[in-house]
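Accompanying notes for the structure given below.
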Amino acid sequence: MTEQPIIYTEHLTKRFGDFTAVDAISFEVQKGEIFGFLGANGAGKTTAMRMLCGLSLPTSGKATIAGFDVYKQTEKIKQNIGYMSQKFSLYEDLTIKENIRFYAGIYGKSDAFIKDKTAQLLQQLNLEAEGDKLVGSLPLGLKQKLAFSVAVFHEPQIVFLDEPTGGVDPVTRREFWNMIYEAATAGITIFVTTHYMDEAEYCNRISIMVDGKIEALDTPAGLKETYNAATMDDVFLQLARKATRSDA
Amino acid sequence: MRTLRFLLQKEFKQVFRDPAILRIIFMMPIIQLLVLPWAADYEVKNIKLAIVDHDHSDYSRQFISKVTASGYFQLDQYTTSYNKAVEEVEKENADIVVEIPVHFEKDLVKESKAPLFMAVNAINGVKAVLGASYLQSIVQDYNNEIRQQWMQLPRFSPQTTIEITSSNWFNPLMDYKLFMVPGILVLLVTMVGSFLAALNIVKEKEVGTIEQINVTPIKKYQFILGKLIPFWVLGLLILTIGLAISLIVYGIHPAGSFLTIYAFAAVYLLVVLGLGLLISTYCNTQQQAMLISFFLMMIFILLGGLYTPIESMPQWAQWIAKFNPVSYFIEVMRRVVLKGSSLADIAPQIGIILLFAFVLNGWATWNYRKRS
């Protein structure tokens with residue numbers, strides 16, 4: 001039996017009135033892959049990701065996430081994914097432990113599971129002494145690492161990361177990517193959008209969206225060869241310059 | 001069920017960690033209930049009087065001292081010029097001008113009747129109407145006194161008078177606080193319930209946490225219950241604080257049972273929270289939610305029968321009042337507190353309020369979407 005792609009889309013489209021935000025994108029992501037989803041601002045990345053997470057209903061096309069249909073089985077999809085949005089979305093007026101407990105609890109994790117894994121996680125993040133601090137009091141880099149940890153805490157099959165390292169310093173970004181690698185090693189598929197080309201190099205495969213369409217999809221090395229470019233930056237600029245859509 | 005428990009834990013922690021909400025919950029009822037009932041008193045006092053006395057007789061002086069002794073009037077001007085008195089009215093120094101004509105005493109003694117002239121400044125309608133009627137009854141009273149003085153043989157008096165005595169049921173001393181405090185309490189519960197619920201949900205939209213909630217397997221009804229239950233409890237807490245204040249400060253013992261009040265409030269809060277929820281589904285920022293809530297509150301208060309009886313409103317306004325949940329609770333509160341109505345007596349109101357609760361919560365749930 002051949003392995004089913006964990007994310008599968010075929011001509012997936014989203015229109016808002018006359019505006020086609022996502023224009024018939026088709027791609028597959030395999031289990032355990034780190035998939036980079038690139039594109040300029042307004043290219044349609046977030047909209048595409050929201051459809052895959054079941055937050056937004058596609059206008060047309062097909063998509064399955066972990067084998068579940070994005071039209072009919074969104075609740076099943078939600079049980080199997082983690083999501084980290086552009087906006088920081090832990091509760092700043094709850095403590096680190098309370099946030100973890102809340103999000104793990106609503107995924108139906110048992111108290112014993114939550115307790116053990118929380119201790120483990122706090123140790124990993126070097127936060128053993130700070131578990132009862134309000135999340136609002138933490139520095140941004142730490143908040144982002146915590147948000148990622150919470151997004152994968154319930155051991156989803158796929159985690160969607162929407163510009164997870166925006167505004168974060170290079171050292172913390174590096175640490176953040178180490179966490180991503182760890183999660184991928186544990187078998188979680190990573191679907192990540194980013195504007196940092198060095199981060200794109202970390203991905204197994206990359207797609208680049210321009211004006212709602214996927215213009216290129218390959219490994220970082222493959223893309224550099226195809227576009228005869230020395231860096232990913234160069235590849236991105238060549239493609240993004242074709243964009244006719246302004247910043248939305 | 002377990003999910004709901006986690007949601008409730010989170011909400012309660014957040015509410016009790018927010019100093020602003022705690023202040024609203026405890027300070028708002030205390031301050032409003034301590035201040036407003038004294039100000040929202042319909043009894044008109046300190047009516048300023050300008051008396052134009054052309055007679056300067058014993059009778060005119062007796063009359064004046066009777067008027068000022070009543071406690072409702074303040075003698076602002078005692079003059080002989082009507083024009084001067086009118087000037088005082090124009091300067092807002094006087095509310096009522098009473099003119100005692102020349103020969104007031106003489107006419108009264110000789111002809112058994114004498115005219116008095118009264119001019120009322122009607123800029124403040126309530127003050128004018130009540131002031132004039134107070135003054136009239138004082139004149140009447142004074143008239144009777146004189147008559148009694150003159151009558152040698154009252155038994156054979158050819159003049160018969162009808163005296164009307166009235167008794168005020170349910171509020172024998174016509175204490176306005178008995179009437180206002182329950183009404184103000186209703187407004188408090190309404191405001192706090194709908195504002196807090198609406199702002200809370202809209203805040204999650206603003207911060208972005210609602211998006212995170214929407215990608216979890218939380219069901220719509222779980223999320224909504226998780227929001228409604230904490231504010232339902234808070235609403236009942238505020239009601240309790242309010243009832244305690246009215247008992248301790250104003251000595252208001254409901255004639256009916258507390259159970260009836262709580263039973264109605266429990267259903268009523270569902271309406272209030274449903275309204276808050278509905279507002280939140282249409283707003284994206286806390287400012288929008290706040291403005292809409294204020295707009296609705298104004299209508300609810302002015303068309304709710306707190307200050308003015310609904311029965312004396314124009315027909316169209318009475319129709320609007322029928323769709324105003326606040327008016328039902330104010331009515332029920334006053335009935336239970338003053339008259340001692342039981343659950344059976346207010347069954348029709350409970351039915352209507354239940355209907356409101358279903359419509360508003362149904363509408364809000366329908367309009368709350370986990371995905372766009």
Side-chain angles (χ1 to χ4, degrees), chain A residues 14 16 21 46-47 49-58 65 70-71 73-95 97-111 114 134-136 147 150-151 153-154 156 158-160 162, chain B residues 1-25 196 199-227 229-231 281 284-286 365-372:
Chain A
K14 178 79 183 188
F16 297 104
T46 300
T47 310
M49 192 184 254
R50 286 172 56 86
M51 281 193 282
L52 299 180
C53 294
L55 283 174
S56 172
L57 196 66
I65 308 298
V70 289
Y71 291 93
Q73 295 171 298
T74 49
E75 294 308 309
K76 285 262 173 51
I77 290 176
K78 285 170 185 175
Q79 192 64 253
N80 286 289
I81 62 168
Y83 175 73
M84 184 178 162
S85 72
Q86 271 173 356
K87 274 187 173 178
F88 178 70
S89 52
L90 296 182
Y91 290 96
E92 305 225 333
D93 50 356
L94 293 181
T95 67
K97 279 184 186 167
E98 285 164 351
N99 266 294
I100 296 174
R101 193 179 139 70
F102 171 67
Y103 281 114
I106 57 182
Y107 280 102
K109 294 296 171 193
S110 73
D111 286 331
I114 296 173
L134 292 185
V135 163
V150 169
F153 194 89
H154 61 283
I158 311 164
V159 62
F160 291 89
D162 196 0
Chain B
M1 218 43 226
R2 199 154 169 275
T3 306
L4 190 58
R5 204 186 79 208
F6 281 104
L7 280 167
L8 289 178
Q9 275 178 354
K10 160 197 163 269
E11 291 299 335
F12 275 111
K13 272 183 199 144
Q14 287 182 308
V15 165
F16 287 105
R17 215 164 265 175
D18 187 340
I21 292 190
L22 285 184
R23 241 173 278 148
I24 290 175
I25 293 171
L196 287 185
L199 290 180
N200 178 287
I201 300 171
V202 175
K203 188 180 162 198
E204 292 224 22
K205 276 192 192 177
E206 262 184 9
V207 179
T209 43
I210 203 154
E211 179 111 326
Q212 195 69 41
I213 295 285
N214 285 345
V215 289
T216 69
I218 289 179
K219 303 253 185 319
K220 196 157 137 178
Y221 81 90
Q222 290 170 330
F223 179 76
I224 289 174
L225 277 181
K227 289 289 178 196
I229 293 172
F231 290 105
T281 61
N284 288 316
T285 66
Q286 296 191 62
T365 312
W366 173 79
N367 201 43
Y368 168 79
R369 283 178 213 110
K370 274 186 80 174
R371 65 177 180 185
S372 49

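Values below: all heavy atoms of this structure, side chains included; hydrogens, waters and symmetry mates excluded. Chain letters run A, B, ... following the sequence lines, proteins first, then strands; residues in each count from 1.
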Side chain from CB out, backbone as N, CA, C, O: work out which of these in A/Thr47 comes under 4.5 Å of a heavy atom of chain B, or both, or neither. neither
Taking the six-membered ring for Trp and the single ring otherwise, decide whether the centroids of A/Tyr103 and A/Phe153 are under 6.0 Å apart. no
So, the part of B/Gln222 with a heavy atom under 4.5 Å from chain A: the answer is neither
Measure the shortest side-chain to side-chain distance between A/Ser85 and A/Lys87 over non-hydrogen atoms and say whether it is less than 4.5 angstrom. yes
Kindly compute the distance separating CG (B/Leu4) from CD (B/Glu11), expressed to the nearest 0.5 Å. 10.5 Å
If I measure from the heavy atoms of chain A, does B/Leu7 come under 4.5 Å with its side chain, its backbone, both, or neither? both
Part of A/Leu134 lying under 4.5 Å from any heavy atom of chain B: side chain
SB check B/Lys10 A/Glu98 (cutoff 4.0 Å): no
